[in-house]
Number of protein chains: 2
Amino acid sequence: MSLAGLFDVDSAVTGQQVRAEPIQRRSAERLSALLDAAAEAVDAVGFDRITTAMIAERAGASIGTVYRYYPDRVAVLQALHERTVQRFRERVVEEFESSPPTTWWDVVDCAVSAFVGLYRSEPGFRIMQFADREGATLGEGTPSDDVARETGFFATRLAMVLAARFGLPDEPELIFRVEIAVEMADSLLCRAFLHDPLGDERFIAECRRVVHDYLATFYGPVVAFPGVDVSVAV
Amino acid sequence: MSLAGLFDVDSAVTGQQVRAEPIQRRSAERLSALLDAAAEAVDAVGFDRITTAMIAERAGASIGTVYRYYPDRVAVLQALHERTVQRFRERVVEEFESSPPTTWWDVVDCAVSAFVGLYRSEPGFRIMQFADREGATLGEGTPSDDVARETGFFATRLAMVLAARFGLPDEPELIFRVEIAVEMADSLLCRAFLHDPLGDERFIAECRRVVHDYLATFYGPVVAFPGVDVSVAV
DNA sequence: CTTATATGATCGAGTTCCGTTCTGTGACCA
DNA sequence: TGGTCACAGAACGGAACTCGATCATATAAG
C-alpha cells in the first residue's frame, strides 16, 4: 500500500452534501467557483458573517445557483471544508514525494509543513479548524457524524502509515497517541496563525518539538532531530 | 500577592459588551438571568441554533430586554464566555484553597481539575472553546481585541503565579511556554468532552501527562508525579 | 407621609435583513 | 420542436434588531 494511496481521494469521507451532480462541464466549474468564492469570503469576513448572497455575487452567480448545488448555507461551508481537507492530504503526499520520509518523524514533519504551507497560500484554509469543532456543537441529530470525526479519521490514516512503513507497533494505542499528537499540533498551529497571517514561527517550531517529544516518549527519539534538545534543561 | 489576588475578578479583561450598566438591583438579576438562559440554550441546541427569542423566553424576559443590555446576539455569547472564564478562574482558586499547591505541578493539576469539574457541572461551559477561536474569525474591525487573547491572558496570569510562588524563572519564555501548555491542555480537554459529556478519561489523563512532560522539559520533573514515567519507553 | 416627577426598566409590535423557495426564461440536446 | 438542464431574481418566511408606549422605582417637593 503506497503512501499516496493511504491518503488518497477515494478513501475520503464523502458527505452527500451536493444536491445535484454536475452533468455538463460548465457546472463543475461553477461548483468550484462557488467554493472559491466561499473561501475568499471566509478570509474576508469570517465564518458566520458569510451570507449566501455574498457567495453568489463573488462567484458571479445568483442565489438560485447556490441552492441548485447545495441544500443550505452550512452545506457550502462543509463542502469547502472537505475540499480543504482533501487538498491538505494531497499536499502531504506532495511533501512525501519531494522529500521522501525515512523516519516516523519525517512523516510528522511533512504534515506540519503541509499545514503551514497551505495556511499561507490557500484562501480560507482556516476552515480546517471550524467544521471539526462545529460538528460537535451541532450535537444531536447531525446526519453526517463522520464529518465530525475528521481529525480522528486523519489520525487513523496517519497511524496506519506510521505502522506500515516505519515499524511503529500496530496497536490501538498508536491510533490514540497519534490522535493526541494531531490534536495538539492542530491547536498550536491554529494559534500560530491566530494573529499572524504568515504564522508565528515560535509556535510552529514549538509545535514540531512538542509532537516529536510526545511521540518519542513511546517510540524513541529520532537521531539528529534538528534543533531540539530532548534532555531536560535548566 | 496572594494566589486569589492573581486570579481575581478585578483584574479580568472587561470588554465593553454591555450596553447599559445596571443601576437598580433588579437589573443585575435580569442580566445574570439572561446569561443563565443563554448557557442553558448552549447545552440544549448549540451555539448557532440559539435565537434571541429563545434566550428571552427562557429568562422570562422579552426581546427588547435582551437588546437593552447587549448590542447584538453574539455579544450575549461573548458575555457568557467571559462569565464562564471568570468562574473558571474562581474555581481554580477554590481548588488552590482546598488543596494548596506545593509544586508547580500542583498548580497545573488544579487548573485541569477545575476545567474538568466545570465542564461537568456548569451549564454551557463548552462556550470556553468557542469565543477564543471565534474572536479571531471576526478578524479585522473587532473593537475588543482583548477578548480574543483570553487564553493568552490566562496564561500570563498563570505564569506569574508559577514564577512568584514556585521559583520558576521569571523570563519571557515562561509566559510563552505556559501559553503553549494552556493551548495544548485546552484542545485535549475539549477533545475529551467532544463526544462524552463526562469527559473521556483517557484524554484527560493524557492531557495531564503531556502538560507535565512539556513543562518538565524546562523546569525539571516533579518528584513522585503520579502515574507518569518520564523516561523514554520502548 | 403623600404626591409629583424624572428616569430606569420592560414590553412587544413593527422593520429590516437574510436564508430559502419558486416560478419564469434562456441554453443545450435529440 | 419538444424536453431537460441551468440560471436569474422576485417572493416568502423567519429571525435579528428597533422604537415608541407603558410600567416600576427612586428622589423631591409639599
Side-chain angles (χ1 to χ4, degrees), chain A residues 16-38 40-42 44-80 130-131 134 137-138 142-143, chain B residues 16-38 40-42 44-80 130-131 134 137-138 141 143:
Chain A
Q16 305 96 313
Q17 77 286 26
V18 196
R19 208 172 217 180
E21 282 305 309
I23 308 292
Q24 305 179 0
R25 177 161 39 87
R26 178 169 56 147
S27 304
E29 292 164 6
R30 270 253 186 256
L31 236 163
S32 66
L34 285 174
L35 292 187
D36 291 341
E40 286 174 22
V42 165
V45 302
F47 309 126
D48 2 303
R49 302 268 196 239
I50 290 182
T51 69
T52 53
M54 196 182 295
I55 295 174
E57 190 191 8
R58 281 173 190 259
S62 81
I63 296 288
T65 304
V66 175
Y67 284 91
R68 162 147 196 85
Y69 294 109
Y70 298 102
D72 57 17
R73 199 184 72 101
V74 300
V76 182
L77 268 1
Q78 279 186 2
L80 175 61
F130 161 68
E134 205 60 17
T137 70
L138 292 178
T142 310
Chain B
Q16 305 97 313
Q17 79 285 22
V18 197
R19 213 171 213 181
E21 281 304 310
I23 308 293
Q24 307 178 359
R25 176 157 35 87
R26 173 171 59 146
S27 304
E29 291 163 8
R30 267 258 186 257
L31 238 163
S32 66
L34 286 174
L35 293 187
D36 290 341
E40 286 174 23
V42 164
V45 301
F47 308 127
D48 1 303
R49 302 263 197 244
I50 291 181
T51 69
T52 54
M54 194 181 298
I55 295 174
E57 190 190 7
R58 281 174 189 259
S62 79
I63 295 288
T65 304
V66 175
Y67 285 92
R68 163 154 190 82
Y69 295 110
Y70 300 102
D72 57 17
R73 200 184 71 100
V74 300
V76 182
L77 269 0
Q78 280 185 1
L80 175 61
F130 161 67
E134 204 61 17
T137 69
L138 292 177

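Labels below follow one simple rule: chain letters A, B, ... track the order of the sequence lines, proteins then strands, and each chain is numbered from 1. The basis for the numbers below is simple: all heavy atoms, side chains too, and nothing from hydrogens, waters or symmetry mates. Since this is a predicted model, take the numbers as computed values, not measurements.
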I need the full list of salt bridge (charged side-chain N to carboxylate O under 4.0 Å, His left out) pairs touching residues 53-63 of chain A, with sequence neighbours left out, sorted by first then second residue.
Glu40(A)-Arg58(A)
In whole angstrom, give the distance that lies between atom CD of Glu29(B) and atom C1' of dA9(C).
13 Å
Figure out the CZ/P separation between Arg73(B) and dT16(C), and round it to whole Å.
22 Å
Select from Gly64(A) and Ile50(A) the residue whose nearest nucleotide in DNA chain C is closer to the 5' end of that strand.
Ile50(A)
Scan Thr52(A) against the nucleic acid and name what it touches under 4.0 Å (heavy atoms): base, sugar-phosphate only, or nothing.
base
Residue pair Ile50(B), Arg73(B): steps toward the side-chain contact (heavy atoms from CB on, under 4.5 Å) verdict
CA-CA 9 Å; Ile50(B) 291 181; Arg73(B) 200 184 71 100; 4.2 Å; yes
Rounded to whole Å, please give me the gap between CZ in Arg68(B) and P in dT7(C).
14 Å
Atom CG of Asp48(A) to atom C1' of dG19(C): distance rounded to whole Å?
15 Å
Closest-nucleotide ordering on DNA chain C, the 5'-leading residue of Ala61(B) and Ile63(A):
Ala61(B)
Indicate whether OP1 or OP2 belonging to dT10(C) is found under 4.0 Å from a side-chain N or O atom of Tyr69(B).
yes
Is the closest side-chain heavy-atom distance between Tyr70(B) and Leu31(B) below 4.5 Å?
yes
Reckon Thr65(A) has a side-chain N or O less than 4.0 Å from the OP1 or OP2 of dA8(D)?
yes
Figure out the CG/P separation between Leu77(B) and dA15(D), and round it to whole Å.
16 Å
Rounded interatomic separation in angstrom, taking CD from Glu57(A) and P from dC18(C):
12 Å
Can you find a side chain N or O atom of Tyr67(B) that sits less than 4.0 Å from OP1 or OP2 on dC17(D)?
yes
What integer distance in Å separates Leu34(B):CG from dT10(C):P?
9 Å
Can you name the residues that form a side-chain contact (heavy atoms from CB on, under 4.5 Å) with Thr65(A), not counting sequence neighbours?
Arg30(A), Ala61(A), Ser62(A), Tyr69(A)
